[in-house]
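The structure under discussion appears below in the form of structure tokens.
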Amino acid sequence: QVQLVASGGGLVQPGGSLRLSCAAPGFTLGWYHIGWFRPSPGKEREGVSCIGNSGVNRYYADSAKGRFTISRDNAKNTVYLQMNSLKPEDTAVYHCAAVHQCRTYELRFNSWGRGTQVTVSS
């Protein structure tokens, strides 16, 4: 069973930056589209950003456009989320997960793995 691990979170002031990493030792992330998620009031989680398996296709929630950049290095078996111009409302636990399609954010597997805490506060 795949277990994705997110890292790189922390405490940052508004306007600051963080880079999150997603890794899965022993599993080939390059075979899958990977999404980043955070909690949502209406459902378990909402998609923040997603990247296709080749890295060509990239998707962003409206709240992330212009501030976040998703990328991947399949040789390093890692997916990244560069978060700039952070706002207090970005505060959340962020998870990464494999998805069937980036445009739907439908999970490929039934486990969220380990998330990372992002806190934006002055």
Side-chain angles (χ1 to χ4, degrees):
Q1 179 66 47
V2 62
Q3 190 79 2
L4 277 64
V5 179
S7 62
L11 175 63
V12 65
Q13 291 185 286
S17 298
L18 289 170
R19 189 179 76 160
L20 308 185
S21 297
C22 177
F27 191 84
T28 304
L29 288 181
W31 293 353
Y32 301 97
H33 315 312
I34 302 296
W36 286 95
F37 300 81
R38 66 188 181 191
S40 174
K43 55 183 178 181
E44 187 176 12
R45 288 180 175 87
E46 66 177 358
V48 177
S49 185
C50 188
I51 188 167
N53 56 7
S54 70
V56 174
N57 295 320
R58 308 181 188 193
Y59 298 80
Y60 299 94
D62 288 341
S63 61
K65 290 179 180 177
R67 300 188 299 124
F68 296 178
T69 302
I70 192 168
S71 62
R72 71 191 306 159
D73 187 341
N74 287 341
K76 296 182 178 180
N77 205 36
T78 305
V79 175
Y80 305 97
L81 184 66
Q82 179 67 45
M83 309 170 73
N84 298 326
S85 302
L86 283 163
K87 305 174 181 180
E89 51 263 44
D90 295 319
T91 296
V93 176
Y94 286 74
H95 285 80
C96 56
V99 300
H100 286 289
Q101 298 183 75
C102 279
R103 58 185 173 180
T104 67
Y105 286 94
E106 182 183 359
L107 295 181
R108 178 64 179 83
F109 304 103
N110 62 0
S111 177
W112 285 105
R114 182 183 299 173
T116 186
Q117 175 71 52
V118 171
T119 303
V120 185
S121 177
S122 58

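Computed from heavy atoms alone, side chains included, the values below leave out hydrogens, waters and symmetry copies.
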Which residues share a salt bridge (Lys or Arg N to Asp or Glu O under 4.0 Å) with Lys65, sequence neighbours left out
Asp62
Quick one: list whatever passes side chain to side chain donor-acceptor pair (under 3.5 Å) with Ser111, sequence neighbours left out.
Gln3
Same cluster or not: are Val48 and Leu86 linked, directly or through other Ile, Leu, Val, Met, Phe, Trp or Tyr residues, by side-chain heavy atoms under 4.5 angstrom apart?
yes
Provide the full list of salt bridge (Lys or Arg N to Asp or Glu O under 4.0 Å) pairs with a residue in residues 21-42, sequence neighbours left out, each pair given once.
Arg38-Glu46, Arg38-Asp90
Starting at SG of Cys96, measure out to CD1 of Ile51 and round the result to the nearest 0.5 Å.
12.5 Å
Shared hydrophobic cluster for Tyr94 and Phe109 (ILVMFWY, side-chain gaps under 4.5 Å)
yes
Hey, could you give me the NE2/CG distance between His95 and Leu107, rounded to the nearest 0.5 Å?
11.0 Å
Taking only residues two or more places apart in sequence, or in another chain, which ones meet Glu89 in a side chain to side chain donor-acceptor pair (under 3.5 Å)?
none
Go through the steps for Val99 and Thr104 under the test side chain to side chain contact (heavy atoms under 4.5 Å, CB included), then give the verdict.
CA-CA 8 Å; Val99 300; Thr104 67; over 6 Å; no
Contact list for residues 46-88, test disulfide bond (SG atoms under 2.5 Å apart), sequence neighbours left out
Cys50-Cys102
Side chains of residues 114-122: which donor-acceptor partners sit under 3.5 Å, not counting sequence neighbours?
from	atom 1	to	atom 2	distance (Å)
Thr116	OG1	Gly9	N	3.0
Gln117	NE2	Thr119	OG1	3.3

According to ring-ring contact (aromatic ring centres under 6.0 Å, His included), who are the partners of Tyr105, at least two apart in sequence or on a separate chain?
Phe37
Please list, one pair per line, the donor and acceptor atoms closer than 3.5 Å that link side chains of residues 24-35 to other protein atoms, with sequence neighbours excluded.
from	atom 1	to	atom 2	distance (Å)
His33	ND1	Asn53	N	2.9

May I have all residue pairs that pass ring pair (Phe, Tyr, Trp, His ring centres under 6.0 Å) and include part of residues 48-88, sequence neighbours excluded?
none
Co-membership, hydrophobic cluster, residues Val93 and Trp112, 4.5 Å side-chain:
no
First locate atom CG of Leu11, then atom CG of Leu18, and finally report the distance between them rounded to the nearest 0.5 Å.
9.0 Å
The complete set of salt bridge (Lys or Arg N to Asp or Glu O under 4.0 Å) pairs with one or both residues in residues 94-108, sequence neighbours excluded, reads none
Asn74: partners by side-chain contact (heavy atoms from CB on, under 4.5 Å), with sequence neighbours left out
Arg72
Can you pull out every side-chain hydrogen bond (donor to acceptor under 3.5 Å, both in side chains) where at least one residue sits in residues 10-23? Sequence neighbours excluded, please.
Ser17-Asn84
To the nearest 0.5 Å, atom OG of Ser49 lies from atom CD of Gln82 at 12.0 Å
Nearest-0.5 Å distance, OG1 of residue Thr78 to CG of residue Leu20
12.5 Å
